[in-house]
Engineer: 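Got a structure for you, questions after.
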Amino acid sequence: MSNSADTSLQTTPSLKRTFQNDFMIGAALNTQQIMERDTNASRLVAQQFNAVTPENVMKAMIIHPQWNTYNFEWADKLIEYGKKNNLQINGHTLIWHSQMPAFARRLQSTDSFRLFFTDHITTVASRYRDKVYSWDVVNEALNEDGTMRRSPFFTKLGEDYVTEAFRLTQAAAPNTQLYYNDYNNERPAKRAGCIALINKIKAAGVRIDGVGIQGHWQVGKVPLKDIEESILQYSALGLKLAFTELDIEVLPRNFQGADVGQRMKADPSLNPYTSGLPDDVQQQLASDYEALFQLFLKHRDKIERVTFWGVNDGASWLNDWPVRGRTNYPLLFDRAFNPKPAFYKVIATRKGVYQ
Ligand code: G3I
């Protein structure tokens, strides 16, 4: 760590302390960070965050690479890291169409696919029973228009697979909070589909505790009205809210959302800020984050957790998606692990809210 980052860390306010009476403040951790090979990140996590989500290591492709073969090494290390640093862990994610293991993609018969589905949920959820605070049980089951995504789970198991996933997780991890997680589920059509899905789970007598709005948004276009309406509508169902993968992208692209299957061709015009973020964009980013946290604070009684999708700009997935090798600036800490203007705006939103 450079001396300048060192000094600023000692004098920097702390997100987790600032919002301690409001909601948990989380960060997604990559494998290097989980293995504690990134000392700058480790220091920032200890200072700023009280919740973590594994960015990749609990996904089926990594944790369950073959029939009857599980690779728990990194996930176990995450649990140990969380314990040591007093971090609440959100398990991410049991059922997702992306990052599925190759063997599961190849399964033809419904019976063997169902066996994979059942065994995967039961094994992973029971191993981390009482060790993870919450699970993103199912991730991204919906299309933008609110209909069910035609994923391998839907095609092979039928639309009740979501309810079934919650039922199995509840049995394996009865004390864990169970969430449905998606992107763009603050937008009206997808939100309506999400509410219908939640109601189906509840009508089947199966527990669902919360809904995760991922929060992959774009600078100058954060849909505050839709977000507020969603907080109200989801909490009216008796559910808790979490903002599970927050980042605000500053680079150009021609679609919204976070479908990892969607990509754009590299072009220098799509990577305009390689030598630094212009001040006007920096200020816009700061005011977007400020408005967002003002809204979160207004509804702090309904919000459990706000998790950033990465510790700092250098670690963000948005440097490689939807175009590889770009220089993006979506988070509150810069590439040198120093707080950005957006960080100070976020901290300042808490002033005057209940001292
Ligand atoms: O680990 C391999 C490495 O061995 C290999 O050399 C390299 C070559 O591409 O790939 C590495 O794997 C990458 C992995 O991240 C770890 O860095 C995958 O290609 C890459 O596709 C994967 O991307 C992740 C993406 O989900 C797909 O799983 C991102 O890190 C992760 O931030 C992103 O997270 C998702 C959430 O889970 C769900 N919501 C959307 C969100 C953003 O896409």
Side-chain angles (χ1 to χ4, degrees), residues 26-35 37-38 41 45 51-65 71 73-75 77-78 89-102 104-105 120 124 132 134-144 149 151-153 162 165 179-187 190 194 210-218 242-251 253 255-264 266 305-326 328-331 333:
L29 299 186
N30 63 31
T31 316
Q32 290 292 93
Q33 293 161 346
I34 290 167
M35 299 311 278
R37 291 194 194 117
D38 182 343
V45 169
V52 286
T53 299
E55 188 176 356
N56 287 303
V57 303
M58 281 181 161
K59 290 175 180 170
M61 186 188 224
I62 294 170
I63 210 167
H64 189 181
N71 168 17
E73 184 194 346
W74 291 316
K77 178 65 179 58
L78 173 74
I89 295 173
N90 174 55
H92 175 83
T93 170
L94 290 168
I95 295 300
W96 189 29
H97 62 276
S98 184
Q99 302 287 95
M100 270 173 69
R105 286 190 182 284
H120 178 75
V124 178
V132 300
S134 51
W135 267 113
D136 295 333
V137 177
V138 176
N139 195 41
E140 303 173 8
L142 293 164
N143 292 317
E144 296 307 283
R149 188 191 282 269
S151 71
F153 298 102
V162 177
Y179 275 70
Y180 173 73
N181 193 50
D182 214 327
Y183 58 83
N184 283 355
N185 54 342
E186 73 280 3
R187 293 180 190 267
K190 199 161 181 179
C194 193
V211 59
I213 294 177
Q214 292 184 4
H216 295 293
W217 290 309
Q218 287 172 275
F243 290 86
T244 53
E245 305 186 11
L246 179 57
D247 47 28
I248 300 180
E249 179 181 3
V250 301
L251 298 179
R253 65 166 150 129
F255 64 96
Q256 288 174 332
D259 189 333
V260 290
Q262 243 174 316
R263 286 202 163 265
M264 286 162 69
R305 172 169 58 88
V306 177
T307 289
F308 293 86
W309 205 240
V311 172
N312 72 331
D313 285 344
S316 169
W317 72 295
L318 289 169
N319 294 308
D320 284 309
W321 184 91
V323 181
R324 278 190 213 288
R326 296 200 296 180
N328 220 327
Y329 302 82
L331 297 167
F333 297 93

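Start at 1 and go down the list; that is how both ligands and their atoms are numbered. These figures come from a predicted structure and were not determined experimentally.
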Engineer: What do you think, any protein heavy atom under 4.0 angstrom from atom 19 (O) of ligand 1?
Structural biologist: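 For atom 19 (O) of ligand 1 the answer is no, since every protein heavy atom stays at 4.0 Å or beyond.
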Engineer: What class does the angle between the rings of H92 and W96 fall in, given that below 30° is parallel, 30 to 60° is tilted and above 60° is perpendicular?
Structural biologist: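 If you compare the ring of H92 with that of W96, the planes turn out tilted.
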Engineer: I need the nearest protein heavy-atom contact for atom 43 (O) of ligand 1: residue, atom name and distance, please.
Structural biologist: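 Here the closest protein heavy atom is V260 CG1, 2.8 Å.
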Engineer: Regarding atom 39 (N) of ligand 1: of the candidates H92, E245, H216, which has the closest heavy atom?
Structural biologist: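 The residue whose heavy atom sits nearest atom 39 (N) of ligand 1 is E245.
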Engineer: Taking D320 for the side chain and G325 for the main chain, is one N or O donor matched with an acceptor at less than 3.5 Å?
Structural biologist: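 Looks like yes, one N/O pair under 3.5 Å.
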Engineer: When you look for heavy atoms under 4.0 Å from ligand 1, do you find them on the side chain of W96, its backbone, both, or neither?
Structural biologist: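 Answer for W96: side chain.
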Engineer: Between W309 and ligand 1, does any nitrogen or oxygen pair lie at a separation below 3.5 Å?
Structural biologist: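 Yes; the residue has a nitrogen or oxygen that sits under 3.5 Å from a nitrogen or oxygen of the ligand.
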Engineer: Answer yes or no for atom 31 (C) of ligand 1: protein heavy atom present at a distance under 4.0 Å?
Structural biologist: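 Yes.
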Engineer: Is there side-chain contact between M58 and W135, with heavy atoms separated by less than 4.5 Å?
Structural biologist: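 In short, these two side chains touch, coming nearer than 4.5 Å.
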Engineer: Answer yes or no for atom 13 (C) of ligand 1: protein heavy atom present at a distance under 4.0 Å?
Structural biologist: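 Not a single protein heavy atom is under 4.0 Å away.
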Engineer: Does a donor on one side chain and an acceptor on the other come within less than 3.5 Å for T307 and R305?
Structural biologist: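 Indeed, the side chains of T307 and R305 share at least one donor-acceptor pair under 3.5 Å.
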Engineer: For atom 36 (C) of ligand 1, state whether the nearest protein heavy atom is under 4.0 Å away.
Structural biologist: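 It does; a protein heavy atom is within 4.0 Å.
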Engineer: As an exercise, identify every atom of ligand 1 less than 4.0 angstrom from a heavy atom of N139.
Structural biologist: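 Heavy-atom distances to N139 below 4.0 Å select 38 (C).
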Engineer: Taking D38 for its side chain and A41 for its backbone only, find out whether a donor-acceptor pair lies under 3.5 Å.
Structural biologist: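 Answer holds: yes.
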Engineer: Counting distance only, does the side-chain N/O of Y183 pair as donor-acceptor with the main-chain N or O of E245 below 3.5 Å?
Structural biologist: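 Between the backbone of E245 and the side chain of Y183 there is no qualifying donor-acceptor contact (under 3.5 Å).
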Engineer: My understanding is that only residues two or more places apart in sequence, or in another chain, count here; which of them pass side-chain contact (heavy atoms from CB on, under 4.5 Å) with N319?
Structural biologist: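 N319: side-chain contact (heavy atoms from CB on, under 4.5 Å) contacts with S316, N328, R335.
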Engineer: Starting from atom 29 (C) of ligand 1, find the nearest protein heavy-atom neighbour and note its residue, name and distance.
Structural biologist: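 Result: E55 OE2, 3.7 Å.
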Engineer: In the protein, what heavy atom is nearest to atom 17 (O) of ligand 1, and what distance, to one decimal place, separates them?
Structural biologist: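 It is N56 ND2, 4.2 Å.
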Engineer: Could you identify the single nearest non-hydrogen protein atom to atom 21 (O) of ligand 1 and state the distance to 0.1 Å?
Structural biologist: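 Minimum-distance protein heavy atom for atom 21 (O) of ligand 1 reads Q99 OE1, 4.3 Å.
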Engineer: Is K59 close to ligand 1, meaning an N/O of one under 3.5 Å from an N/O of the other?
Structural biologist: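 The answer is yes, given that K59 and ligand 1 share an N or O pair closer than 3.5 Å.
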Engineer: Do L318 and D247 make a side-chain contact, defined as non-hydrogen atoms from C-beta onward lying under 4.5 Å apart?
Structural biologist: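 Counting from C-beta outward, L318 and D247 do come under 4.5 Å.
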Engineer: Are there protein heavy-atom neighbours of atom 9 (O) of ligand 1 below 4.0 Å?
Structural biologist: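 Protein heavy atoms within 4.0 Å of atom 9 (O) of ligand 1 - there are none.
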Engineer: With sequence neighbours left out, write down each residue that passes side chain to side chain donor-acceptor pair (under 3.5 Å) with Y179, or none if nothing qualifies.
Structural biologist: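 For Y179, no residue satisfies side chain to side chain donor-acceptor pair (under 3.5 Å) once neighbours in sequence are set aside.
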Engineer: Starting from the C-alpha separation in whole Å, work towards a yes-or-no answer on side-chain contact (heavy atoms from CB on, under 4.5 Å) for T244 and T53.
Structural biologist: CA-CA 9 Å; T244 53; T53 299; over 6 Å; no
Engineer: I'd like to check atom 5 (C) of ligand 1 in this structure: does the protein have a heavy atom lying under 4.0 Å from it?
Structural biologist: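 Looking at atom 5 (C) of ligand 1, one finds that no protein heavy atom lies closer than 4.0 Å.
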Engineer: Return yes when at least one protein heavy atom is under 4.0 Å from atom 2 (C) of ligand 1, and no when none is.
Structural biologist: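 No, there is none.
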